Amino acid sequence: MEENFFERVYAVARQIPEGKVTSYGAIAKALGTARSARMVGWAMNACHGREDIPAHRVVNRIGVLSGKHHFEGTNLMQQLLENEGIEVIDNQIVDFEKHFWQPEISQ
DNA sequence: AAGGTGACCGGCC
DNA sequence: TGGCCGGCCACCT
């Protein structure tokens, strides 16, 4: 029962298991608004300050750390992912499909 | 109140 | 083969 759309996004993001990643589109689809993938990214933008939100586990559909620019430093996002056992090369997640995690569809 | 924007996605040229 | 454009929805000024 989330008050805002943001909270919904956060709720899904928080469900991302450690060592797994997902895409903005996947989250959007899980929320029932597959076309609002952009909104998901927007919500993540507002997730700053919420350590409960593993935003670093959220990447675009091709497994590229498109939002790493929003993290501190230049490769913090990559460091966090590698810390969870996810190999990242040049902002690209290796075997993205293997680490991909599909959020539960909750309409 | 209206317009602009965005860490995207998918299709088209 | 790669780059460009539009759509889509909700938040921000």
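Below, read A as the first sequence line, B as the second, and so on, with proteins coming before strands; counting in each chain starts at 1. Everything numeric here is computed off the predicted structure, so don't read it as measured data.
- Nearest nucleotide to the A/Asn60 side chain, out of B/dA7, C/dC9, B/dC8: B/dC8.
- Put simply, NE2 on A/His48 is 13 Å from C1' on B/dG6, counting in whole angstrom units.
- Contact annotation for A/Ala55: base contact, defined as any heavy-atom pair under 4.0 Å involving a base atom.
- In this structure, the CE atom of A/Met39 is 15 Å from the C1' atom of B/dC9, given to the nearest Å.
- In this structure, A/Arg50 pairs ionically with A/Glu7, as a charged nitrogen and a carboxylate oxygen lie closer than 4.0 Å.
- Both A/Arg38 and A/Phe6 lie near DNA chain C, and the one whose nearest nucleotide falls closer to the 5' end is A/Arg38.
- Of the candidates B/dC9, B/dA7, C/dC12, the closest approach to any side-chain atom of A/Asn45 belongs to B/dA7.
- Nucleotide B/dG10 forms a pair with C/dC5, judged by Watson-Crick or G-U wobble geometry with both contacts under 3.5 Å.
- Ion pairing between a basic and an acidic side chain is recognised when a charged N comes within 4.0 Å of a carboxylate O; A/Lys20 and A/Glu84 show no such pairing.
- Across the protein-nucleic acid pair, A/Lys68 atom NZ and B/dC8 atom C1' stand 18 Å apart, rounded to whole Å.
- Side-chain proximity of A/Ser23 to B/dA7, C/dC12, B/dC9: nearest is B/dC9.
- To the nearest angstrom, P of C/dC8 lies 15 Å from CZ of A/Phe5.
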(request) Apply side-chain contact (heavy atoms from CB on, under 4.5 Å) to A/Val58 and A/Met44, showing your working. (result) CA-CA 9 Å; A/Val58 183; A/Met44 303 315 288; 4.0 Å; yes
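- Distance A/Asn75 CG to B/dA7 P: 19 Å, rounded to the nearest Å.
- Counting only heavy atoms from C-beta on, A/Tyr24 has its side chain closest to B/dA7 among B/dA7, C/dA10, B/dC9.
- Side-chain contact between A/Leu81 and A/Ile93 is present, with heavy atoms from C-beta onward closer than 4.5 Å.
- Distances shorter than 4.0 Å separate some side-chain N or O of A/Arg61 from OP1 or OP2 on B/dG10.
- Among the protein residues, A/His56 comes within range of no part of the nucleic acid, since none of its heavy atoms lies under 4.0 Å from any strand.
- Computed from coordinates, the A/Ile62 CD1 to B/dG10 P distance equals 11 Å when rounded to whole Å.
- A/Ser66 has a side-chain polar atom (N or O) that falls below the 4.0 Å cut-off from OP1 or OP2 of B/dC8.
- Note on ring orientation: taking the six-membered ring where Trp is involved, the planes of A/Phe71 and A/His48 are tilted (angle from 30° to 60°).
- Across all strands shown, C/dT13 pairs with B/dA2; the Watson-Crick or G-U wobble distances both stay below 3.5 Å.
- Atom name P, nucleotides C/dT1 and B/dC9: the rounded distance is 22 Å, in whole Å.
- Remark: P of B/dA7 and CG of A/Asn91 are 15 Å apart, rounded to the nearest angstrom.
- Taken together through direct or relayed side-chain contacts under 4.5 Å among Ile, Leu, Val, Met, Phe, Trp and Tyr, A/Ile53 and A/Trp101 form part of one hydrophobic cluster.
- Both A/Thr33 and A/Ala46 lie near DNA chain C, and the one whose nearest nucleotide falls closer to the 5' end is A/Thr33.
- Whole-Å rounding puts the A/Trp42 CH2 to C/dT13 P distance at 9 Å.
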